[in-house]
Protein chains: 2
Amino acid sequence: MSATHTDVRLREDLLPCGSPAHEDCGLHLSLDRLGERWSVMALAQLSAGPCRYRELERSLPGISQRMLTLTLRRLERDGHVLRHVEASIPPSVTYELSDLGRSFATQVARLVEWSRARKAEIEAAQARFDAHADR
Amino acid sequence: MSATHTDVRLREDLLPCGSPAHEDCGLHLSLDRLGERWSVMALAQLSAGPCRYRELERSLPGISQRMLTLTLRRLERDGHVLRHVEASIPPSVTYELSDLGRSFATQVARLVEWSRARKAEIEAAQARFDAHADR
DNA sequence: CGGCATCCGCTAGGATACTG
DNA sequence: CAGTATCCTAGCGGATGCCG
């Protein structure tokens, strides 16, 4: 096969939903991150300050190494996260929010705040809907 | 088979990502809608005012009837959208935002606004990342 | 017109094993 | 410690067809 070497797969994984329809509507870019399972939580954790790979892994219960790496790489690609490598033994890699990332995290936090405030209202609506639909 | 009757499948489809990890972090509910392909665009369209099923379909180029229905049902379930049925022939169904939905749409619009403002910055970061990673 | 039912492909993401 | 590679599956979402 023509595959040159290793990281081809990873590079493909980095580009998830290139949904052209979103572009049409003016949506795009890092908004896609919101649809991912771990991005928002990683952002939240990093908002508290720089964090090493292992710390992040522990702070996101249930995340796999694969997804942690993928999530961080995508955030890094979007310019939200900075990656610092300390080439010691064992190695130490620290992640932190960039200015752009902090700005983004702030916006996202607002939305989370909103959903928390409306939580009861939404759950009530869901319960009503389900009650009427069932049976 | 034991299948009683029709809409069982749809009811299952209505409940997508019950990601428990999101709950852990305080995230939940309608935030999940942001990860869906059409929800934000439907919300945007409905922000302009009430809209019939067919109009929505036309305003969201490329959407399938299945996804339009599913998207609207989930937004309705969350209490964001109200559904009015006019039992005429042919029937007429109109969708519109509730107060909750308008509030939600406003929040989302803010985020979209942010991403639009930062678009160039993000694309530059992506280009830099890709240039360094490739080759 | 406004849907539902079905089949089906793709990919996000989990589990596991291995490296520098 | 901080990843990468591989395998595998659940389910999101598209295409199509039918119905009141």
Side-chain angles (χ1 to χ4, degrees), chain A residues 1 3 5-22 32-39 41-42 51-58 60-74 76 81 83-95 133, chain B residues 1 3-22 32-42 51-58 60-74 76 81 83-95 133:
Chain A
M1 323 34 183
H5 58 312
T6 58
D7 53 3
V8 182
R9 278 306 308 279
L10 180 60
R11 300 218 39 61
E12 284 170 2
D13 286 345
L14 278 179
L15 306 159
C17 20
S19 59
H22 276 184
D32 292 346
R33 302 282 80 70
L34 297 182
E36 296 170 4
R37 176 102 192 255
W38 302 101
S39 294
M41 286 184 291
C51 210
R52 291 181 58 175
Y53 184 90
R54 210 77 212 299
E55 294 182 88
L56 279 166
E57 188 176 356
R58 271 188 287 265
L60 305 178
I63 196 172
S64 63
Q65 291 186 323
R66 173 181 145 76
M67 286 318 296
L68 179 55
T69 301
L70 228 46
T71 299
L72 289 170
R73 285 295 186 292
R74 302 206 265 234
E76 187 193 358
V81 160
R83 182 170 176 266
H84 306 286
V85 181
E86 188 90 21
S88 55
I89 295 183
S92 167
V93 180
T94 306
Y95 294 88
Chain B
M1 320 338 196
T4 50
H5 57 312
T6 59
D7 54 1
V8 182
R9 278 307 306 281
L10 180 61
R11 300 220 37 62
E12 285 170 1
D13 285 345
L14 276 179
L15 306 159
C17 18
S19 59
H22 277 183
D32 293 346
R33 302 282 81 66
L34 297 182
E36 295 169 3
R37 176 106 192 251
W38 302 100
S39 293
V40 175
M41 287 184 292
C51 210
R52 291 181 59 174
Y53 184 91
R54 212 72 212 297
E55 293 182 89
L56 278 166
E57 188 177 357
R58 271 188 286 265
L60 305 178
I63 197 172
S64 62
Q65 290 185 325
R66 173 180 146 77
M67 286 318 298
L68 179 55
T69 301
L70 228 46
T71 299
L72 289 170
R73 284 296 185 290
R74 303 208 263 235
E76 186 193 358
V81 160
R83 180 169 179 266
H84 306 286
V85 181
E86 187 91 21
S88 53
I89 294 183
S92 166
V93 180
T94 306
Y95 294 89

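Remember, predicted model here, so these are calculated numbers, not experimental data. Chain identifiers are assigned alphabetically (A, B, ...) following the order of the sequence lines, protein sequences preceding nucleic acid strands; residue numbering begins at 1 within each chain.
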Give the angle between the helix axes at the two ends of the helix from dC1(C)-dG20(D) to dG20(C)-dC1(D), taking five base pairs at each end and rounding to 10°.
-> 40°

From CD1 of I89(A) across to P of dG3(D) the rounded distance in Å is 15 Å

Once you round it to whole Å, what is the distance between C1' of dG13(D) and CD1 of I63(B)?
-> 10 Å

R74(A) side chain near dG13(C) phosphate (N/O to OP1/OP2, under 4.0 Å) = yes

Please identify each residue that fulfils salt bridge (charged side-chain N to carboxylate O under 4.0 Å, His left out) with E57(A), with sequence neighbours left out.
-> R54(A)

Does R73(B) place a side-chain N or O at less than 4.0 Å from the phosphate oxygens OP1/OP2 of dG3(C)?
-> yes

Just to confirm, is there a sub-4.0 Å distance from OP1 or OP2 of dC1(D) to any side-chain nitrogen or oxygen of Y95(A)?
-> no

Calculate the interatomic distance between L34(B) atom CG and dA12(C) atom P; express it in whole Å.
-> 18 Å

Output for pair (R66(B) CZ, T71(B) OG1), nearest 0.5 Å, gives 9.5 Å

To the nearest Å, give me how far apart CG (D32(A)) and C1' (dC12(D)) are.
-> 15 Å

In terms of heavy-atom contacts, R37(B) and M41(B) come closest through O-CE, 3.3 Å

For every nucleotide of nucleotides 15-20 of chain D, 5' to 3': is a protein heavy atom under 4.0 Å from its base (B), only from its sugar-phosphate (S), or from neither (-)?
-> B-B--B

Among dA2(D), dG2(C), dC4(C), which is the nearest nucleotide to the side chain of T69(B)?
-> dC4(C)

Gap between atoms CG and P, on L70(B) and dC4(C) respectively (whole Å) | 9 Å

Where the side chain of R54(A) is concerned, which of dC1(D), dG13(D), dG2(C) is the nearest nucleotide?
-> dC1(D)

Just how far, in rounded Å, is P of dA2(D) from CZ of R83(A)?
-> 10 Å

Among R52(B), E86(B), R83(B), side chain to side chain contact (heavy atoms under 4.5 Å, CB included) partner for T94(B) | R52(B)

Reported OH-to-CZ distance for the pair Y95(A) and R73(A), which is rounded to 0.5 angstrom | 4.5 Å

Going from CZ on R74(A) to CG on D32(A), what distance comes out if it is rounded to the nearest 0.5 angstrom?
-> 9.5 Å

Mind checking S92(A) for me? I need base, sugar-phosphate or nothing, with any heavy atom below 4.0 Å counting as a touch.
-> sugar-phosphate

Nearest 0.5 Å, what's the CZ-CD1 distance between R58(A) and I63(A)?
-> 13.5 Å

Check the distance between dC4(C)'s C1' and L72(B)'s CG and give it to me in whole angstrom.
-> 14 Å

Taken to the nearest whole Å, CG/L68(A) to P/dC1(D) is 13 Å

Can you tell me if the side-chain N/O atoms of R52(B) get under 4.0 Å from OP1 or OP2 in dG3(C)?
-> no

Testing dG14(C), dG3(D), dC1(D) for proximity to the side chain of V93(A), the answer is dG3(D)

Side-chain heavy-atom pair Q65(A), L68(A) within 4.5 angstrom cut-off | no

Note, W38(B) side chain near L70(B) side chain (heavy atom, < 4.5 Å) = no

